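Notes to accompany the following structure.
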Amino acid sequence: NEHGLETILVTRSSTHITVPCLVTVPDLNVTLHYPPILEQSGITWDNKQGWSIPRPIIDSATMLIGFHCAATLGGKDYRSTNYLIHNAGSQVYDVKLFPEDPVELMVGEALTLNCTASVEFNTGVDMQWSYPGKQTNSYVEIKPHREPLSHATEVVSILTIHTVNVTDSGPYFCNVTSMDRTQTQQTQVIVHE
Amino acid sequence: NEHGLETILVTRSSTHITVPCLVTVPDLNVTLHYPPILEQSGITWDNKQGWSIPRPIIDSATMLIGFHCAATLGGKDYRSTNYLIHNAGSQVYDVKLFPEDPVELMVGEALTLNCTASVEFNTGVDMQWSYPGKQTNSYVEIKPHREPLSHATEVVSILTIHTVNVTDSGPYFCNVTSMDRTQTQQTQVIVHE
Amino acid sequence: AYLNLDILKSIESEWRKTRCMPREVCIDVGREFGAPTNIFYKPPCVSVYRCGGCCHSEDKQCRNISTGYLSKTLFEITVPITQGTRPVTISVANHTQCSCLSKL
Amino acid sequence: AYLNLDILKSIESEWRKTRCMPREVCIDVGREFGAPTNIFYKPPCVSVYRCGGCCHSEDKQCRNISTGYLSKTLFEITVPITQGTRPVTISVANHTQCSCLSKL
């Protein structure tokens with residue numbers, strides 16, 4: 001990209017990652033540069049795909065940047081863009097919105113809704129709220145939080161309205177979007193005069 | 001004591017602490033040795049009491065050991081025992097035993113009782129349980145825990161019987177003994193066949 | 001009886017090693033800045049100094065009495081990846097002086 | 001476009017500084033050993049090495065793969081004070097090697 005940096009994704013099932021240095025000269029001698037890693041064996045070159053690195057080598061590396069290819073042709077040195085490797089999950093296991101039952105409040109009280117999703121490790125999710133106050137832009141605080149646990153990562157978005165108004169009554173939706181789909185949870189808020 | 005170590009207590013209300021180096025020769029020149037501290041002024045000698053150190057100096061010291069007195073008489077060097085300074089509280093604010101309601105269990109189930117006391121900072125309390133199984137020495141696990149919080153320290157003792165028996169039925173007492181008194185909480189456990 | 005001076009020396013050294021002072025720690029950038037849940041940082045942590053160590057009384061807590069800020073450059077990955085990866089510079093609190101302050 | 005090598009260098013150095021390795025920490029002795037609530041240690045903490053730092057994937061955790069034990073001498077105060085203060089020697093775990101191990 002414009003920063004001279006490409007991201008290579010490693011999913012849970014990947015057995016290898018490929019540094020996609022493609023060349024137009026099939027027998028060109030292309031070298032792979034990488035950060036200090038323990039084990040070099042198993043790294044192979046294929047002039048139609050690039051360099052292939054076995055997954056265990058990636059897992060044991062202390063850092064995942066600094067990967068790039070270099071070659072010399074006609075006395076001139078060429079260097080690929082820089083590659084950054086990122087472990088990426090994709091699964092959203094479940095989404096919950098607390099409190100689950102409808103919320104009844106008096107004008108002036110504080111409303112706190114907690115949207116929590118359990119996701120596969122390294123899964124990035126965009127958590128967005130839609131709620132009546134969004135149009136009338138009443139003062140709303142939204143705090144994200146990400147907590148890797150023992151078997152999955154818990155992602156949380158906490159919506160707070162410090163002093164509710166009658167116009168804050170209505171349905172509140174939490175939309176959790178991962179790479180492939182969006183899951184939504186909803187609860188009802190009723191504000192009495 | 002037999003370890004050549006005396007403990008000087010500093011309570012919340014102490015404005016000074018006295019290193020009690022008492023001498024029989026009133027005008028003997030007695031020097032006070034202490035760990036590196038910031039501020040020396042205000043430290044005074046009284047041959048009937050010993051060295052007096054203002055409380056702020058103690059509070060700012062990084063360590064509270066290595067206090068001792070030394071003197072030379074007739075060409076011979078004398079040295080007092082070593083003093084260790086300990087901040088000590090004494091107040092037990094309240095004692096609670098959870099669950100507060102009677103506990104009903106079936107034989108083989110696990111029983112967990114949580115005795116929690118809120119105490120003044122630096123207050124040492126001895127937490128002891130008395131319970132039916134104590135005589136029949138059924139297998140009981142007792143775990144202490146001490147957690148300084150923002151305004152007081154929480155001391156906890158958790159009693160666990162992993163598989164209760166009918167003989168474990170009866171009153172359970174948690175006795176919390178501080179320097180000046182003992183406070184007790186009680187709950188009832190009923191084990192059904 | 002007299003206290004063995006070696007014991008005293010070793011205890012004084014332990015007390016000095018564990019005193020309240022700035023100590024190098026690893027800070028999770030996403031957590032420190034409350035980053036959205038679709039953003040990852042590479043590296044995920046940065047190294048700064050924060051006050052740590054033990055005070056000799058429960059009514060005291062080891063706190064910073066002077067603080068600076070360090071600039072750190074990291075890669076920021078936004079998911080979905082199509083939004084790309086870019087270097088970002090953040091400013092992270094770095095404790096320079098600590099003291100055992102009273103909680104009350 | 002090419003990534004500025006200085007940026008790459010500073011990011012690599014930050015990554016190295018925050019890697020999973022043994023780091024000096026202060027351990028509260030009473031808490032580490034589950035001491036009774038009428039016992040105080042002077043100093044209250046000891047300095048040992050424990051694995052710390054960041055792994056580059058959430059399914060990994062920085063754990064010790066080899067551990068030694070250090071002997072530490074402290075004063076132990078039992079309340080009520082009449083029971084006196086005595087030097088005690090304890091053995092505390094000291095991590096010597098660390099690795100980012102899989103949680104699964």
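Everything quoted here is computed from the prediction, not taken from an experiment. Letters go in sequence order (proteins before strands), and every chain restarts at 1.
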message = Working to the nearest 0.5 angstrom, can you tell me the gap between C:Phe75 CZ and A:Ile65 CD1?
response = 5.0 Å

message = So for atom OH, which belongs to A:Tyr93, do other residues, nucleotides or ligands contribute more than 12 heavy atoms lying within a distance under 6.0 Å?
response = yes

key: Side chain proximity check, C:Lys42 to A:Met63, heavy atoms < 4.5 angstrom   = no

message = Tell me whether the count of non-hydrogen atoms from other residues, nucleotides or ligands lying under 6.0 Å of CG in A:Asn47 goes above 12.
response = yes

ask   = Checking C:Thr37 side chain against A:Arg146 main chain: does a donor-acceptor pair fall under 3.5 Å?
value = no

key: Contact winner vs chain A - C:Val79, C:Asp28, C:Thr78, heavy-atom pairs under 4.5 Å   = C:Val79

request  = Give the minimum heavy-atom separation between A:Pro144 and C:Ala35, together with the two atoms involved.
outcome  = CG-O, 3.5 Å

message = What's the separation between atom CZ in C:Phe40 and atom CG in A:Asn122, rounded to the nearest 0.5 Å?
response = 6.0 Å

query = Given that the side chain runs from C-beta out, which part of A:Thr123 has a heavy atom under 4.5 Å from chain C: side chain, backbone, both or neither?
reply = backbone

Over 12 non-hydrogen atoms of neighbours within 6.0 angstrom of CZ in C:Arg63 = no

request  = Take atom OH of C:Tyr49 as the centre, draw a 6.0 Å sphere, and report whether it contains more than 12 heavy atoms from other residues, nucleotides or ligands.
outcome  = no

inquiry  = If you count every heavy atom of other residues, nucleotides or ligands that lies below 6.0 Å from C:Arg50 atom CZ, does the total exceed 12?
reply    = yes

ask   = Rounded to the nearest 0.5 Å, how far apart are CG of C:Asn38 and CG of A:Asp126?
value = 5.0 Å

ask   = Can you say whether A:Val176 sits under 4.5 Å from chain C via the side chain, the backbone, both, or neither, judging by heavy atoms?
value = neither

Contacting region of A:Ile142 [heavy-atom separation from chain C under 4.5 Å] = neither

Engaged part of A:Met127 at the chain C interface, taking heavy atoms whose separation is under 4.5 Å = both

